[in-house]
Amino acid sequence: MTSQYAEHPAMFRNNPLGFILAVILVPVAIGILILMFWYLKCKSTRLEINDNEIILEQGLLSKERTELNISGIRSVKIKQSLFNRLFGVGTLSIYTAGDSPEIQAHGMPRPEVFRDLVKAHQSDPA
């Protein structure tokens, strides 16, 4: 099982103004807490595309794992603000049968690459 896309949400690129504000607050000690919480939240989330499935793992101590077969995916929606577009991150929403997304991952780097990989897997008959 080879992973073609395996990413954690980006910290700085996802919210550069919030990151700068947290760094400014480091001397007050609250900035360190904000950055530590934010870092752990980002590192405890991982979105991955394997051969035939998409896997979203979330959680540090207790884990939640969502697996979707690529053939069952109806659409992939990318939402990006101006800053998100400048820094190459976005929110990925993956839809199967319903009107609400099965998977929603915020702050993911290279969202276009993810969407293109899903499309390539869907068009590949193997």
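All residue numbers refer to positions in the sequence shown, counting from 1. Just so it is clear, the values below take in all heavy atoms, side chains as well, and ignore hydrogens, waters and symmetry mates. Note that this is a predicted model, so its numbers are computed, not measured.
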Colleague: Is it true that a side-chain atom of H121 and a backbone atom of N52 form a donor plus acceptor pair closer than 3.5 Å?
Modeller: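 Here the side-chain-to-backbone pair does not exist.
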Colleague: side-chain contact (heavy atoms from CB on, under 4.5 Å) between L92 and V76: does it pass, once the steps are laid out?
Modeller: CA-CA 7 Å; L92 285 165; V76 176; 4.0 Å; yes
Colleague: If I take atom CD from residue E112 and atom CZ from residue R115, how far apart are they, to the nearest 0.5 angstrom?
Modeller: 6.0 Å
Colleague: Any chain of hydrophobic side-chain contacts (each under 4.5 Å) joining V89 to L86?
Modeller: no
Colleague: Identify the two heavy atoms, one from A10 and one from P109, that lie closest to each other, and give their separation to 0.1 Å.
Modeller: N-CD, 4.2 Å
Colleague: Report whether L17 and F87 are members of the same hydrophobic cluster (ILVMFWY, side-chain heavy atoms less than 4.5 Å apart, transitive linking).
Modeller: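 Shared cluster, yes.
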Colleague: Are F114 and E48 side-chain neighbours, meaning at least one heavy-atom pair lies under 4.5 Å?
Modeller: no
Colleague: R110 versus Y5: any side-chain heavy-atom pair under 4.5 Å?
Modeller: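 Heavy-atom side-chain distance check passes, below 4.5 Å.
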Colleague: Under 4.5 Å between side-chain heavy atoms, counting indirect links through other Ile/Leu/Val/Met/Phe/Trp/Tyr residues: same cluster for I73 and L56 or not?
Modeller: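 Yes; L56 is reachable from I73 via cluster members.
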Colleague: Main chain of G59, side chain of K63: is a donor-acceptor contact present, judged purely on distance under 3.5 Å?
Modeller: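 Checked: pair present.
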Colleague: Taking the side chain as C-beta and beyond, is there a heavy-atom pair between I70 and I49 under 4.5 Å?
Modeller: yes
Colleague: Mark yes or no for whether R74, through its side chain, and G98, through its backbone, hold a donor-acceptor pair below 3.5 Å.
Modeller: yes
Colleague: Sort and list the pairs that fulfil ring-ring contact (aromatic ring centres under 6.0 Å, His included) and have at least one residue in residues 49-73, not counting sequence neighbours.
Modeller: none
Colleague: Please output the side-chain donor-acceptor pairs of residues 34-45 that fall under 3.5 Å, not counting sequence neighbours, one pair per line with the distance.
Modeller:
unit_1	atom_1	unit_2	atom_2	d
S44	OG	L40	O	2.9
S44	OG	K41	O	3.1
T45	OG1	K41	O	3.3

Colleague: If you look at every heavy atom in P27 and I24, which pair is closest and at what distance?
Modeller: CD-O, 3.1 Å
Colleague: Is it true that, when you exclude I30 itself, more than 12 heavy atoms of the residues, nucleotides or ligands shown sit nearer than 6.0 Å to its CD1?
Modeller: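 Check fails, neighbour count at 12 or below.
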Colleague: Within a strict 4.5 Å, meaning less than it, do heavy atoms of the L68 and I94 side chains meet?
Modeller: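 Touching, per the 4.5 Å side-chain cut-off.
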Colleague: Could you give the distance from CD1 (I103) to CG (L47), rounded to the nearest 0.5 Å?
Modeller: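 Reported to 0.5 Å precision, the distance equals 6.5 Å.
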Colleague: Do S93 and K79 make a side-chain contact, defined as non-hydrogen atoms from C-beta onward lying under 4.5 Å apart?
Modeller: no
Colleague: How about Y95 and E102: do any of their side-chain heavy atoms sit closer than 4.5 Å?
Modeller: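 Heavy-atom side-chain distance check fails, nothing below 4.5 Å.
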Colleague: When you measure from the side chain of N15 to the backbone N and O of G18, does any donor-acceptor pair fall under 3.5 Å?
Modeller: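 Checked: pair present.
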Colleague: Only one of R65, R46, H8 passes side-chain hydrogen bond (donor to acceptor under 3.5 Å, both in side chains) with E57; say which it is.
Modeller: R65
Colleague: Give a yes or no on whether the backbone of V113 and the side-chain of D116 come within a donor-acceptor separation of less than 3.5 Å.
Modeller: no
Colleague: How long is the straight-line distance from NE2 of H106 back to CG of N14, given to the nearest 0.5 Å?
Modeller: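 Going from CG on N14 over to NE2 on H106, the span is 9.0 Å.
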Colleague: In terms of hydrophobic clusters joined by side-chain contacts under 4.5 Å, are L21 and I32 together?
Modeller: no
Colleague: Flag the pair P111 / Q80 as yes when at least one side-chain heavy-atom distance between them is below 4.5 Å, and no otherwise.
Modeller: yes
Colleague: Is it true that V26 and F12 fall in one hydrophobic cluster, defined by side-chain heavy atoms closer than 4.5 Å?
Modeller: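 In one cluster with V26: F12, yes.
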